[in-house]
Amino acid sequence: MTDPLSLRLAREQAERRLPSISAAWVRDGEIRWQHAVGTQDARPYGAAVTPDTQYRIGSITKTFVAVLVMRLREEGALSLDDELEQFLPGTAMPTATVRSLLSHAAGMRAETENSWWERTPGVDEQELRRQLIARDLAVGRFHYSNVGYGALGAVVARLRGRSWLDCVRDEILGPLEMTRTTNRPQAPHASGLAVHPYADLVLAEPEHDAAAMAPAGQLWSTTGDLARFAAFLHAGLDGVLPATALAEMKRPHSWDDAPGAAWTRAYGLGLDVVNTAGIRVHGHGGSMPGFLAALRFRADGDGLVVLANTTHGLSTTLVGDLFDTVDRRFPRTPEVWHARPADAALLELTGEWFWGPSRLALHVRADRWLELSPVVSGRGARFRPTGPDTWEGQDGYYLGETLTVVRPVGRPPHLDLASFRLSRTPYDPEADIPGGVDPLGWS
């Protein structure tokens with residue numbers, strides 16, 4: 001009996017007339033399912049694709065480049081607010097920052113001025129620098145730029161003293177054991193094809209080394225390798241990039257939506273952020289002549305990878321359908337609750353606190369973390385310990401803000417959170433409420 005995920009993939013291949021398609025589902029770092037349908041060159045007697053078949057992954061390459069840039073930031077070799085001129089002097093837009101390039105907000109032109117760069121041999125770095133031009137209307141807004149990621153690849157090469165590709169191999173592929181991800185195709189690999197819109201015919205698409213534009217979409221990979229990459233992007237890995245840096249990559253930095261509309265798609269630092277019914281899904285898509293690709297992962301640890309050798313044709317609902325099938329047919333078993341060690345001295349802080357008349361509940365978690373949550377409505381956050389009586393906010397409004405336990409002599413302790421005073425009763429005068437408390441009290 002065909003499993004539901006493989007059945008959905010088979011329907012996609014047949015109904016969308018795809019030469020071939022390969023997909024994988026990863027959960028908590030473990031590949032739970034892989035399947036491939038079709039042949040490498042669309043011939044009925046051609047070599048059948050397998051999960052080990054390579055496809056060109058297009059712009060998913062950009063996420064690898066972004067990881068390299070963030071590694072340089074973690075090492076102190078650059079700041080996200082450094083200007084491009086500092087690394088590539090003499091460009092036509094020197095004030096573009098590393099952050100704006102990573103988030104497609106520098107206003108940089110989308111494509112090179114060469115004819116259809118994806119289908120022709122690439123330009124060298126000197127020519128790429130000449131073409132780094134801003135579109136004034138787009139500066140500060142989301143404007144997707146392949147050229148911008150070519151520039152970021154050059155920044156990596158300049159700071160490392162070797163090619164961006166060598167850095168990808170040594171700093172990402174090796175540690176993650178991604179042995180089937182390469183710069184150019186290695187057998188077995190699918191052929192890049194276009195499918196005629198009105199006949200069951202295919203046309204071979206060209207493939208070239210993109211040279212200085214390679215960081216925008218050069219890499220080839222398999223669903224297995226990309227599933228490992230998705231697991232890394234979800235959880236991080238010391239020695240490659242920690243979870244804290246990946247969290248920064250996942251936060252929206254520019255938005256790709258119509259003014260006034262609820263946002264559905266944003267861009268972080270090298271990662272798409274898709275908002276579907278309030279649930280954020282991260283990853284990246286890829287499109288090159290003859291190939292389409294998608295990598296998506298959620299905060300719960302589930303990720304999906306889809307690769308196909310067609311220029312056009314993947315349905316926009318496929319990844320969502322696969323996620324729905326995973327949720328419906330393979331629901332997660334709730335984690336068994338266990339008692340966890342907590343600092344007994346912190347128990348005095350637990351329970352109800354008041355921000356003015358607003359009720360909040362404070363919980364102690366493992367490793368001296370605190371969690372503040374509204375009882376009815378209001379702001380909540382998790383707090384990481386930074387000292388004996390201080391914690392740092394990890395979420396929302398209080399991200400990066402300090403929570404301090406104030407212990408006045410002869411009086412009960414109160415909390416100071418980003419200058420707000422939290423007391424055990426509403427506006428408790430014993431807590432030294434800023435601005436004072438009306439001496440007549442509640443009446």
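The model shown is predicted, which means the values in this text are computed figures rather than measured ones.
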- Query: Under the ring-ring contact (aromatic ring centres under 6.0 Å, His included) criterion, do Phe142 and His253 qualify, and how do the steps go?
  - Reply: CA-CA 9 Å; Phe142 177 85; His253 284 69; over 10 Å; no
- Check: His234 main-chain N/O paired with Lys250 side-chain donor or acceptor under 3.5 Å: yes
- Non-neighbouring partners of Arg265 that pass side-chain hydrogen bond (donor to acceptor under 3.5 Å, both in side chains), sequence neighbours left out: Asp256, Asp272
- Return the set of residues passing side-chain hydrogen bond (donor to acceptor under 3.5 Å, both in side chains) with Ser6 (not counting sequence neighbours), or none when no residue passes. Asp3, Trp33
- Single hit among Gln54, His208, Glu207 for side-chain hydrogen bond (donor to acceptor under 3.5 Å, both in side chains) with Arg184: Glu207
- Among all residues two or more places apart in sequence or in another chain, which pass the salt bridge (charged side-chain N to carboxylate O under 4.0 Å, His left out) test with Asp302? Arg27, Arg298, Arg332
- Message: Determine whether a donor-acceptor pair (N or O, by modelled atom type, separation under 3.5 Å) exists between the side chain of Thr63 and the backbone of Gly270.
- Response: yes
- Message: Please check this pair: side chain of Asp209 against backbone of Ala211, looking for a donor-acceptor N/O pair closer than 3.5 Å.
- Response: yes
- Quick note, ring pair (Phe, Tyr, Trp, His ring centres under 6.0 Å) partners involving residues 41-82, not counting sequence neighbours, are Phe64-Phe229
- Do Arg71 and Glu171 sit within salt-bridge range, that is, some charged N less than 4.0 Å from a carboxylate O? yes
- Who pairs with Glu74 by salt bridge (charged side-chain N to carboxylate O under 4.0 Å, His left out), at least two apart in sequence or on another chain? none
- Task: Mind checking side-chain hydrogen bond (donor to acceptor under 3.5 Å, both in side chains) for Arg32 and listing every partner two or more places apart, or none if nothing turns up?
- Result: none
- Arg382: salt bridge (charged side-chain N to carboxylate O under 4.0 Å, His left out) partners, not counting sequence neighbours: Asp395
- Partners passing side-chain hydrogen bond (donor to acceptor under 3.5 Å, both in side chains) against Asp52 (at least two apart in sequence or in another chain): Arg180
- For Trp355, ring-ring contact (aromatic ring centres under 6.0 Å, His included) partners two or more places apart: Phe420
- Message: According to ring-ring contact (aromatic ring centres under 6.0 Å, His included), who are the partners of Tyr397, at least two apart in sequence or on a separate chain?
- Response: none
- Item | Qualifying ring pair (Phe, Tyr, Trp, His ring centres under 6.0 Å) pairs with a residue from residues 269-318, counting only residues at least two apart or across chains | Trp220-Phe291, Tyr267-His284, His282-Phe297
Name each donor-acceptor pair under 3.5 Å that joins a side chain in residues 239-246 to protein atoms two or more places apart or in another chain, with its distance.
none

- Can we say Arg56 and Glu205 salt-bridge, meaning some charged N sits less than 4.0 Å from an Asp/Glu carboxylate O? no
